[in-house]
2 protein chains.
Amino acid sequence: MAASTRETIIQLGDDLLRKDGFNAFSYADISKPLGVKNAAVHYHFPSKQDLAETIALWHVDVFERFVQKTASKQPIDRLRTFLNFYHSIHLSGKVCIIGAFATDWHSLNPKVHAKVQAFTESVVSWLSDLVQEGRDLGQIHSKHNPRTTALRILTSIFAATQLARITGDDDFSLVKNSLLDELSN
Amino acid sequence: MAASTRETIIQLGDDLLRKDGFNAFSYADISKPLGVKNAAVHYHFPSKQDLAETIALWHVDVFERFVQKTASKQPIDRLRTFLNFYHSIHLSGKVCIIGAFATDWHSLNPKVHAKVQAFTESVVSWLSDLVQEGRDLGQIHSKHNPRTTALRILTSIFAATQLARITGDDDFSLVKNSLLDELSN
DNA sequence: GTCTATATTCCGATAGAC
DNA sequence: GTCTATCGGAATATAGAC
């Protein structure tokens with residue numbers, strides 16, 4: 001099925017947000033590829049905050065599907081899939097949405113904050129469960145409590161998508177591979 | 001000694017850059033506290049890119065002094081001081097300059113990029129040396145190569161300054177303390 | 001050398017056309 | 001329901017006053 005205008009706007013907005021940052025793009029950057037005037041975007045998303053909120057909700061959806069699709073995998077394989085997903089983010093020239101929202105935090109209103117918080121907490125929670133399960137099964141090695149390990153995985157890999165812009169692709173791989181090496185039993 | 005106007009601009013610019021992001025502040029935000037018109041800032045820094053470049057160079061200076069001041073410490077204590085420095089960044093409501101520049105990367109010109117790359121490489125290099133030395137002295141425990149461990153420390157702690165905006169202060173401490181726990185022998 | 005008045009462009013947003 | 005013409009304001013930057 002063809003993507004609706006609304007869906008296309010969300011996609012373009014998400015790309016711009018994660019490539020350039022919330023304050024670096026305008027509605028004109030979204031309307032131009034669509035072949036309409038910038039004001040047309042305001043019909044679908046009255047304010048830029050509304051768009052940001054919808055982008056956050058879209059990530060909730062995507063992650064929910066990711067969770068379901070990987071639910072039957074072994075914990076260590078879920079981790080591998082998670083890290084591969086971040087690798088694709090890096091290769092596409094974007095950064096993780098969590099870091100993008102975090103550095104633009106003070107430009108976003110409370111409604112956006114709430115959605116981003118819910119999304120982030122769901123990722124941390126999912127990772128914590130993965131670590132706990134993996135440890136119970138003897139697949140994952142970690143001396144910290146599950147949430148702490150989850151935070152260490154998440155911070156390292158999402159910062160790697162940022163750092164690699166500065167220091168190069170190799171450093172992304174070093175971070176990614178070291179996480180797997182370290183956590184695998 | 002009283003800070004020069006130029007120095008004050010750099011300070012204000014750095015604060016705004018790390019609190020709100022490069023595209024979220026204007027010269028008016030800098031000129032207002034100084035009691036002058038926004039155009040006055042252009043005399044000191046003709047373009048915003050010039051200001052960004054100078055901010056990057058300022059961080060090179062600060063880090064150089066940090067390195068010298070901590071040179072006589074034991075590796076594990078240097079690490080502790082480094083992580084405490086990031087704690088103060090977090091408490092002041094800012095994020096690490098590396099992450100701030102990284103998410104705004106495509107808004108910055110090649111001259112800024114070069115300065116940020118030099119700064120970042122000096123931090124990674126310093127951390128790598130610290131890890132290597134610490135391991136030789138039996139103070140630091142790490143199964144990866146020094147650069148990889150350095151990258152894991154840096155990514156985790158700078159992302160923690162970002163993540164904690166979303167999930168709260170506790171998570172910053174969890175990351176920070178787990179790094180020390182894990183690396184200390 | 002330092003700052004102000006001003007130009008130009010672009011931004012987010014509203015009102016209203018179709 | 002969808003998009004355009006347009007507004008008010010803010011952004012970066014230049015030219016020139018003091």
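In what follows, chains carry the letters A, B, and so on, assigned in the order in which the sequence lines appear, proteins first and then strands, with residues in each chain numbered from 1.
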Heavy-atom protein contacts under 4.0 Å, nucleotides 8-14 of chain D, coded B base, S sugar-phosphate only, - none: ---SBBB
Under 3.5 Å, which donor-acceptor pairs do the side chains of residues 26-41 of chain B form with other protein atoms, sequence neighbours left out?
{"from": "B:Ser26", "atom 1": "OG", "to": "B:Ala28", "atom 2": "N", "distance (Å)": "3.2"}
{"from": "B:Tyr27", "atom 1": "OH", "to": "B:Phe45", "atom 2": "O", "distance (Å)": "2.9"}
{"from": "B:Tyr27", "atom 1": "OH", "to": "B:Ser47", "atom 2": "O", "distance (Å)": "3.0"}
{"from": "B:Tyr27", "atom 1": "OH", "to": "B:Lys48", "atom 2": "N", "distance (Å)": "3.3"}
{"from": "B:Asp29", "atom 1": "OD2", "to": "B:Ser26", "atom 2": "N", "distance (Å)": "2.9"}
{"from": "B:Ser31", "atom 1": "OG", "to": "B:Tyr27", "atom 2": "O", "distance (Å)": "3.3"}
{"from": "B:Ser31", "atom 1": "OG", "to": "B:Ala28", "atom 2": "O", "distance (Å)": "3.3"}
{"from": "B:Ser31", "atom 1": "OG", "to": "B:Asn38", "atom 2": "N", "distance (Å)": "3.3"}

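- Listed by residue number, the members of residues 104-116 of chain B with any heavy atom below 4.0 angstrom from DNA chain C form an empty set.
- For the side-chain contact (heavy atoms from CB on, under 4.5 Å) test, residues two or more places apart in sequence or in another chain that qualify with A:His141 are A:Asn185.
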Check: residues 53-60 of chain B side-chain donor-acceptor pairs under 3.5 Å, at least two apart:
{"from": "B:Glu53", "atom 1": "OE2", "to": "B:Lys115", "atom 2": "NZ", "distance (Å)": "3.1"}
{"from": "B:Thr54", "atom 1": "OG1", "to": "B:Asp50", "atom 2": "O", "distance (Å)": "2.9"}
{"from": "B:His59", "atom 1": "NE2", "to": "B:Asp14", "atom 2": "OD1", "distance (Å)": "2.7"}

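- With sequence neighbours excluded, the residues that form a salt bridge (charged side-chain N to carboxylate O under 4.0 Å, His left out) with A:Asp77 are A:Arg80.
- The aromatic rings of A:His90 and A:His87 are tilted relative to each other, their planes meeting at an angle between 30° and 60°.
- B:Ser184 is linked by a side-chain contact (heavy atoms from CB on, under 4.5 Å) to B:Ile76, counting only residues two or more places apart in sequence or in another chain.
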Without placing hydrogens or testing angles, list every side-chain donor-acceptor pair under 3.5 Å for residues 127-137 of chain B, not counting sequence neighbours.
{"from": "B:Ser128", "atom 1": "OG", "to": "B:Val124", "atom 2": "O", "distance (Å)": "2.8"}
{"from": "B:Gln132", "atom 1": "NE2", "to": "B:Asp136", "atom 2": "OD1", "distance (Å)": "3.3"}
{"from": "B:Glu133", "atom 1": "OE2", "to": "B:Arg78", "atom 2": "NH2", "distance (Å)": "3.1"}
{"from": "B:Arg135", "atom 1": "NH1", "to": "B:Ser142", "atom 2": "O", "distance (Å)": "2.8"}
{"from": "B:Arg135", "atom 1": "NH1", "to": "B:His144", "atom 2": "O", "distance (Å)": "2.8"}

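- Remark: A:His44 engages no residue in a side-chain hydrogen bond (donor to acceptor under 3.5 Å, both in side chains) (not counting sequence neighbours).
- First and last contacting nucleotides of DNA chain C toward chain A (any atom under 4.0 angstrom from a heavy atom, 5' to 3' order): C:dC11 to C:dT14.
- Partners of B:Asn145 according to the side-chain contact (heavy atoms from CB on, under 4.5 Å) rule, which considers only residues two or more places apart in sequence or in another chain, are B:Arg147, B:Thr148.
- Every residue two or more places apart in sequence or in another chain that forms a side-chain contact (heavy atoms from CB on, under 4.5 Å) with B:Lys19 is listed here: B:Asp15, B:Lys94.
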